[in-house]
Structure formats: structure tokens, C-alpha cells
Amino acid sequence: MRWRPAARLVLLCLAFGFCSLLYAFSHRGDRNTEQETPTSLPRRVGQRTGPRYGQSEERYKIPVNHGMEAMHLAVVACGSRLEETITMLKSAVLFSRKFLQFHIFAEDSLHYDFKTTLNGWTFPEKFKYTLYPITFPTENAAEWKKLFKPCASQRLFLPLILKEVDSLLYVDTDILFLRPFDDIWSFLNNFNATHIAAMAPEHEEPRIGWYNRFARHPYYGKTGINSGVMLMNMTRMRRKHFKNDMTTSRLHWGDLLLPLFKKYKLNITWGDQDLLNIMFSHNPESLFVFPCQWNYRPDHCIYGSNCHEAEDGIFVLHGNRGVYHDEKQPAFRAVYEAFRNYSFGNDLIHSLLNPLELELQKTVHTYCGRIHNLFTKQLTKTIEDLYRRQSNVRMHTNEECSKQ
């Protein structure tokens, strides 16, 4: 009968959809299981339970990524930073094209809330996460933890803790990705043979720079570097012997941190960022500097626009100085609240972009608000590209079904 081919096609497509659903649910279970932090090795700041920094092969084993090439993202969350961190992770997941592996270092009191939230994100094909305790060397552990911001100096020890990870992007909790994570990850391909890390300048305009006016220690380049967005080839970091101003001998990363801290702890203001500036001031050939739109901060617009590369749009927004939570820079706060309030599955134009544009129009009384188009220029393109990719996938799926 003539209806039979059509019936077969419908049945095949239904079977394909059912199998895809089963696959997704099966991997969701895998994700939830692998993300649990092992409880057999309790850990606290300064408590030595294994190798030099308390890491153990079991605890820090990276979950299997089911054959997908993973991009690694690390963040450190202490105190009241839970919501900021979740919002940052949401922005990373929303637009990424490849698989993401999150490494979340957090105080024990935050672990349950991280698990509850992230286990509720129902797309295991996009990401996995691993929770870690806050871990510092036993010597000076309390000082390391309080350096500048609570737990921020944890980033310095990532190469020593995540020994199985080759490359990784560290970001502060107050970061938002306005274009796919894949794009900043691709800077790794631009590293030459000497580069081990990438960061953006602390300032573009020396007249308002902090390091060149006030620093009491060496710093990188003309205005220093900002460590809120730091791309690392950690394999190279672990292998490199660093020039320094403490000894004629070159030192490995792990052997350099503590002597450097002891020498400069009375002269540093911005904690671990200052230590990184000192390191790369003596090893400038090891740093790749990416443009300011990859780490766009209030300093780039509060005295007038001085990040000229951002004319193409802001790629990574950095709401430092707490601007997401006060009224000082309402343009930054508007972007943060738009991402925080967005729920997965809703239309990105109607539920994220349009509400954001309405709020940004209320900020034109500020210098940053006067250039609010820069806050949505790249985001608009990112959303359009995402919907275009999704449409192409649907077309390809339909074509495959029609061939059956």
C-alpha cells in the first residue's frame, strides 16, 4: 500500500528520537556520579593528606569525557561567591561549541549548593564538573588564603594540583562570556614555543594605570597585567625554569611561589596578581598578551572609552570591584542580572537580549552606559550564530531521516 513508506519513515524518526533520549539520560547519570567529590579523603586548608599540596591521584583524577575533546575551565569560590560563579558557568555553557570540563575549587560549605544547581542542568553533552576543596601548602596556609581576596591565591597552585590537565582557563567568579568559550580557548593555538600563559593588560591608558604609578614591586610591561582571565599551558608551566630576582638559579613554578611571597608580601596590594606580575616581569617572553575586549572591566569606560579593540564588541566581561552588586556601574550590573535571571531553554532573544537592551538604555547617564551598544554588539552576534548552528543541525537531522 502507498502509505507504508511514509509510515516506515515516521517510525524510523520516532525510533531515532527515542534512542537519543535514552542516550542523554544514561549520560546524565554518568555525569552526576563522576562529579561527586570523593569522601574517602577529607581535606581542609593546610592539612597534609598526600603529596606536597594535599592532592591525591584518586581525588584529582579527571573524569572521562566520553571521547570528546574537553576545554578546561577553573574557578575559585569562597564566601558569598556562589551566585556569581553559577552565573559565570551558565554563560560559558550557553554558547560553547565543544565539551567543557569545570574545575570548581570551593569552601566545603558551598559544595552542596553547587551540586544541587549543576546536577539540575539537563544537558550532559555540554559539560562535566569536579568539585575540589580549597588547598594550600601547609606552610603559610592561612596567609595564602587571605591574600587579597578570600581564597583567590588558589589559582597559583592549579598547575601543581591538576597535574593531569594540560591546558586550562582560570577566571574570577565575576566573569561573563559574551561569545563562545571556544574562541578564547583558541588562543592556545597562537602561543609560540616560549609562551606558557595569556593575560590582558591591567590598563590601556598609562595615565590612569595603577602599577606604573603606585606599585612597589616589579610588574609586567608598561601597565602590568590583570589575572582575572588567565589562559595557561600548565604542562609548560610545570616544566619551565623561571628567572627571578632572589637567586641566580632558575626555579620551577612550585619552588618559586613561597620565596617570592615571603620577599614581597609587605609590598603587594593585589595579592596573587602582583606575584604573577613579578614572575612575568622577569620572564616576559613567556606571556602572550591578548586584547582588552577579552577582559573588559569598568576601568575601560568609567573615565571614557579606552579599550579601542572593544569597538568590535566586548567578548569577556569582568565585573571587578563588586560592580555587579552596587549602583556604581549599572551597565555592568544590567548584563550580570540578565544572565542571572535567564533560564535554560527560554528564547535567548526574548528572555536575555531584549530585557538587557531595555535595562542598558537606563544607564546612559554613566560613561559606560553611553557606549552600551558595546555590551550587546558581540552578544547579539553570538546568539545569532548559535541559532544558526542549531538550525543547521535540525536541517541535517531532517535530511538524514528523509533518506531512510
Side-chain angles (χ1 to χ4, degrees), residues 17 20-21 23-25 27-28 31-32 35 71 73 75 77 81-100 102 104 113-129 171 173-184 296 313-319 323-325 330-363 369 372-398:
S20 299
L21 187 62
Y23 176 84
F25 274 108
H27 282 270
R28 183 184 180 190
R31 175 168 64 90
N32 292 343
Q35 288 161 354
M71 302 178 294
L73 171 64
V75 65
R81 298 289 183 166
L82 174 70
E83 181 187 271
E84 266 191 7
T85 308
I86 292 295
T87 304
M88 179 275 293
L89 296 174
K90 181 193 294 184
S91 72
V93 168
L94 266 176
F95 306 124
S96 66
R97 295 185 291 268
K98 291 192 293 187
F99 187 79
L100 285 166
F102 297 145
I104 304 169
D113 289 328
F114 271 116
K115 291 177 185 177
T116 301
T117 300
L118 297 178
N119 288 345
W121 291 0
T122 56
F123 25 86
E125 74 284 357
K126 294 280 287 183
F127 79 102
K128 287 188 178 183
Y129 73 88
V171 297
T173 60
D174 50 12
I175 292 295
L176 291 170
F177 295 95
L178 306 187
R179 66 181 290 171
F181 184 96
D182 312 59
D183 296 337
I184 192 169
Y296 191 91
I314 298 167
F315 300 163
V316 177
L317 192 70
H318 187 177
V323 295
Y324 291 156
H325 311 292
F332 282 78
R333 180 169 181 167
V335 180
Y336 172 75
E337 292 183 346
F339 275 92
R340 183 196 64 190
N341 297 335
Y342 173 79
S343 298
F344 285 116
N346 289 344
D347 182 85
L348 284 162
I349 295 176
H350 296 297
S351 298
L352 176 63
L353 186 59
N354 289 349
L356 172 57
E357 289 177 333
L358 289 174
E359 289 300 315
L360 286 172
Q361 290 172 14
K362 303 174 185 178
T363 70
H372 63 81
N373 62 302
L374 301 186
F375 289 77
T376 56
K377 189 173 184 178
Q378 176 58 47
L379 180 61
T380 301
K381 183 178 183 298
T382 299
I383 293 173
E384 291 173 349
D385 289 346
L386 173 63
Y387 281 147
R388 189 177 300 113
R389 294 199 311 269
Q390 291 177 345
S391 177
N392 291 339
V393 169
R394 286 194 296 269
M395 289 176 58
H396 179 73
T397 302
N398 292 337

Main-chain N/O of Val323 paired to Tyr336 side chain as donor or acceptor, under 3.5 Å: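 Side chain of Tyr336 to backbone of Val323, a donor-acceptor pair under 3.5 Å: no, none is there.
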
Test side chain to side chain contact (heavy atoms under 4.5 Å, CB included) applied to Leu178 and Thr382, step by step: CA-CA 7 Å; Leu178 306 187; Thr382 299; 5.6 Å; no

Phe95 and Phe339 aromatic ring geometry - parallel, tilted or perpendicular at 30°/60° bounds: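 Perpendicular: the ring planes of Phe339 and Phe95 meet at over 60°.
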
Parallel, tilted or perpendicular: rings of Phe375 and Tyr296 (30°, 60°): perpendicular

Candidate pair Val93 and Phe123, rule side chain to side chain contact (heavy atoms under 4.5 Å, CB included), full reasoning: CA-CA 10 Å; Val93 168; Phe123 25 86; 3.3 Å; yes

Residues Glu84, His325; criterion side chain to side chain contact (heavy atoms under 4.5 Å, CB included); working and verdict: CA-CA 10 Å; Glu84 266 191 7; His325 311 292; 2.7 Å; yes

Worked check of side chain to side chain contact (heavy atoms under 4.5 Å, CB included) between Asp182 and Ser96: CA-CA 6 Å; Asp182 312 59; Ser96 66; 3.8 Å; yes

Heavy-atom pair with the smallest gap, counting every atom of [X] and [Y]:
X	Y	answer
Ala334	Glu359	CB-CB, 3.9 Å
Ala331	Thr363	N-CG2, 3.8 Å
Asp174	Tyr324	O-OH, 3.0 Å
Phe99	Lys128	CZ-CG, 3.4 Å
Thr376	Glu357	CG2-CG, 4.0 Å
Phe177	Val171	CZ-CG1, 4.0 Å

Rounded distance (nearest 0.5 Å) linking atom OG1 of Thr173 with atom CD of Glu83: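 Between atom OG1 of Thr173 and atom CD of Glu83 there are 10.5 Å.
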
salt_bridge(Lys381, Glu384) N-O dist < 4.0 Å: no

Test of ring centre spacing under 6.0 Å for Phe114 and Tyr129: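 Judged by ring-centre distance (under 6.0 Å), Phe114 and Tyr129 do not meet the cut-off.
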
